[in-house]
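Everything below concerns the one structure shown next.
Naming: A, B, ... by sequence-line order, numbering from 1 per chain.
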Amino acid sequence: MKQHEIAALFSEMADLLEYQGENLFRIRAYRRAAQNLESFSGDLDRVSAEDRLTELSGIGADLANKITEYLSTGTIAAVEAVRRRIPPGVLALLEVPGLGPKTAKLLTERLRIKTIDELEDAAKAHRLSRLPGFQAKKEENILKGIAIVKRGRERMHLGVAMPLANALMTCLEQTPAVTRISTAGSLRRMRETIGDLDLLVASSHPARVMEAFTHSPFSQRVLASGTTKSSILTPEGVQVDLRVVEPDSFGAALQYFTGSKEHNVRVRELAVRQGLKVNEYGVFRVKTNRRLAGREEADVYKTLGLPWIAPELREDQGELDAAKAGRLPQLVERNDVRGDFHIHTVWSDGSDTLEAMAKAGSARGYQYLAICDHSPSLKVAHGMPVARLRQQMAKIRAMNARTKGFRLLMGAEVDILSDGSMDYPDAVLAELDFVVGSIHTGFTQGEAALTRRLIAAMRNPYVTLIAHPTGRLMGQREPYPVDLEAVFKAARDTQTALEINAYPRRLDLCDTAAKRAREAGVMLAVSTDSHSLDQLDQMVFGLGVARRAWVEPAQLLNCLTLDRLLKWVARKRARSPST
DNA sequence: GCCGTTTTCGGCCCGACTGTTTTCAGTCG
């Protein structure tokens, strides 16, 4: 994973250079190289040894040398040199919103301010107003910015952001001046966490929309307010940016406001090479300034000779090349999903009955739900002893006998014990339709042991799916250390599926890991880990991760029909256990 | 610092808002 270390160094270098007021394009080159390295999944040592580093996008002769230098010495002299020139800690100043490199440099050089605390003291003592271009208002804004940093700019997970965005949109839709409305930004791209919420409105009366927005119950404080762009802070401390454009520009504005920034830069570069200009108002021919597109987002891409690109792909991770070559994935959609795995009920720690879950699954158009309550060692979750599991199986069999067109699968979420063995004997697992293996204990065993544990479970012929493979809970628990590449290889070799857990705090595998798993030929499954009826609808969050991982229906276990799913499970069981 | 179906040098995406400016720099997305 050397590429991540190098990416971090390049990224730091970009920040340092920015602080120094270096050439912006040089800074961007470091940022771009860092981003590309971050998503590189090959063998960096080998590419370096074969002298092919410059084949990587954004890596030229200079950065290739720096990578080689790091691979052989563990440091990059140029980064060390720049570090020595800059007072330690000042980069933290850049975290204050509204405070950029120019101001940070001014503060350090003129007032010797090196930390956010020193900055706060200086602002309170009105020492900043002695600086050129500084007056009371700027001092005030810096103090507000510090307050935001200190409160902790924690990003929301999708489970918080999505309902808030929907409530805001419902509120704004009450205004007659609003003709179209959409989410944009990282929420529309379905990133796992969201910083600020971005909303876009089409209207011919922007002032009325802005009025409604800044005076709504969601607006506790107005951060910025213009005719086309305003920002508010909600009572929960969430920043919401609203952009209003004429209906003729809605598509172009949606494209622009959805981002990512890196994707947009690429799109605009592509436009320039065709004598075109893209901004939030449309696509224009540079020479004549004639507008060629703007009302619909798809027209923006079409005018540049591209098919529409799904928002989840817009991260400058090769989607533009794929689009040009006509090789965009046919991303999985909600209607492709035929069922959900990993469902809990009152039989262990869920809050709804088998009957209620079956009804809810059927109502969502599914063919099947795998009921997977906990195994006995997970006492806190009322894990079921074998006898109780068999009672549940009998009940499910009886229910299935009475229904047509929908089936509950007899499953279990079985703990993978610390030695890699399963919490039910194989003879019991063999009675089940679907077995989910999970680690819930012993997170501190270390990477080697945890990896061995997961691989041992995958070698069990009855284990169909590994749930939440890294165990992370965003904001609560870091992922446990595990060699994912080894896990992917074992998953493919043993024909075991890996879960994209759709619970918004988990989203585990995450998008980048799921993408690597897919590239490694692993079958994935999105499951909600539902403990109540409503949570079945969290499928959409897991699908967001799958789409960000370029997953097509054929790569997702729960897009199989019931018949084909059962055959898939049986095929692994028919193979003799791997060695 | 990267990159090339105009180019190996001279470009590199584009615009809104704020504060303080009287024409713009800084910051943000």
Between K124(A) and D121(A) (salt bridge meaning N to carboxylate O under 4.0 Å), is one present in this structure? no
Would you measure the distance from the C1' atom in dT21(B) across to the matching atom in dC17(B) and give it in whole Å? 14 Å
Distance check, C1' atoms only: dT23(B) and dG19(B), in whole angstrom units. 14 Å
Would you say dT18(B) has OP1 or OP2 under 4.0 Å from some side-chain N or O of N141(A)? no
Euclidean distance, atom CZ of residue R266(A) to atom C1' of dC14(B) [Å, nearest integer]: 16 Å
Give the rounded distance in Å between these two atoms: CZ of R243(A) and C1' of dG29(B). 9 Å
For the C1' atoms, the ones on dG15(B) and on dG10(B), what distance do you get once it is rounded to whole angstrom? 24 Å
Under 4.0 Å, counting only non-hydrogen atoms across every strand here, what does N23(A) touch: a base, just sugar-phosphate, or nothing? base
Gap in Å between the two C1' atoms, one belonging to dC9(B) and one to dC14(B), rounded: 24 Å
Value in whole Å for how far the P atom of dG19(B) lies from CG of L143(A): 14 Å
Comparing nearest nucleotides in DNA chain B, the 5'-proximal residue of the pair I59(A), L94(A) is I59(A)
If you compare every side-chain N and O of T103(A) against the phosphate oxygens of dT27(B) (OP1, OP2), does one of them come in below 4.0 Å? yes
d(CZ, F25(A); P, dG11(B)) in whole Å: 11 Å
Would you classify I27(A) as touching base, sugar-phosphate or nothing, given that sugar-phosphate means primed atoms plus P, OP1 and OP2, and contacts are heavy atoms under 4.0 Å? nothing
Thinking salt bridges, do E315(A) and R189(A) make one under a 4.0 Å N-O criterion? yes
Let me know which of I116(A), D117(A), N141(A) forms a side-chain contact (heavy atoms from CB on, under 4.5 Å) with I146(A). I116(A)
For the pair R83(A) and E12(A), find out whether any cationic side-chain nitrogen is under 4.0 Å from an anionic carboxylate oxygen. yes
Of all the nucleotides listed (dC14(B), dT20(B), dC2(B)), which has the minimum atom distance to the side chain of L63(A)? dC2(B)
Categorize K105(A) for me: base, sugar-phosphate, or nothing, with a 4.0 angstrom heavy-atom threshold over every strand shown. nothing
Check whether any side-chain nitrogen or oxygen of R31(A) sits under 4.0 Å from OP1 or OP2 of dG1(B), and answer yes or no. no
Does the salt bridge (Lys or Arg N to Asp or Glu O under 4.0 Å) test come out yes or no for R31(A) and E18(A), once each step is laid out? CA-CA 11 Å; R31(A) 292 244 156 84; E18(A) 186 169 38; 3.3 Å; yes
Is the shortest side-chain N/O distance from Q239(A) to OP1 or OP2 of dC28(B) below 4.0 Å? no
Mind checking S230(A) for me? I need base, sugar-phosphate or nothing, with any heavy atom below 4.0 Å counting as a touch. nothing
Could you check whether the rings of F10(A) and Y30(A) sit parallel, tilted or perpendicular, using 30° and 60° as the cut-offs? perpendicular
Please measure how far the P atom in dT6(B) lies from the corresponding atom in dG1(B), and state the result in whole Å. 28 Å
If you only use heavy atoms from C-beta on, which nucleotide in dG15(B), dC17(B), dC13(B) is closest to the side chain of A224(A)? dC17(B)
Pairwise C1' distance, dT20(B) and dA25(B) [rounded to whole Å]: 10 Å
5' precedence on DNA chain B between A61(A) and R268(A) (nearest-nucleotide basis): A61(A)
Between CD of E280(A) and P of dG29(B) the distance, given in whole Å, is 15 Å
C1' gap between dT7(B) and dC2(B), integer Å: 14 Å
Just the rounded figure in Å: distance from C1' of dT27(B) to CG of D196(A). 14 Å
Below the 4.0 Å mark, does dC13(B) have OP1 or OP2 next to a side-chain nitrogen or oxygen of N264(A)? no
To the nearest angstrom, how far is L24(A) atom CG from dC13(B) atom P? 11 Å
Taking dC3(B) as the reference, what is the distance to dT8(B) when you measure between their C1' atoms (whole Å, please)? 9 Å
K2(A) bridged to E5(A) by N-O distance under 4.0 Å: no
Cationic N near anionic O, under 4.0 Å, R314(A) to E297(A): yes
Any base atoms under 4.0 Å from S225(A), or only sugar-phosphate, or nothing? Heavy atoms, all strands. sugar-phosphate
What is the base-pairing partner of dT8(B), counting Watson-Crick and G-U wobble geometry with both distances under 3.5 Å? none
Side-chain N or O of K229(A) versus OP1/OP2 of dG29(B): is the shortest distance under 4.0 Å? no
Short of 4.0 Å, heavy atom to strand atom, which residues of residues 250-262 of chain A count as contacting DNA chain B? Y256(A), K261(A)
So what does V278(A) hit on the nucleic acid, given a heavy-atom distance under 4.0 Å: a base, only sugar-phosphate, or nothing? sugar-phosphate
Euclidean distance, atom CZ of residue F213(A) to atom P of dC17(B) [Å, nearest integer]: 13 Å
Between the side chains of R32(A) and E269(A), is the shortest nitrogen-to-carboxylate-oxygen separation below 4.0 Å, so that they form an ion pair? yes
Charged N to carboxylate O below 4.0 Å: is that the case for E192(A) and R472(A)? yes
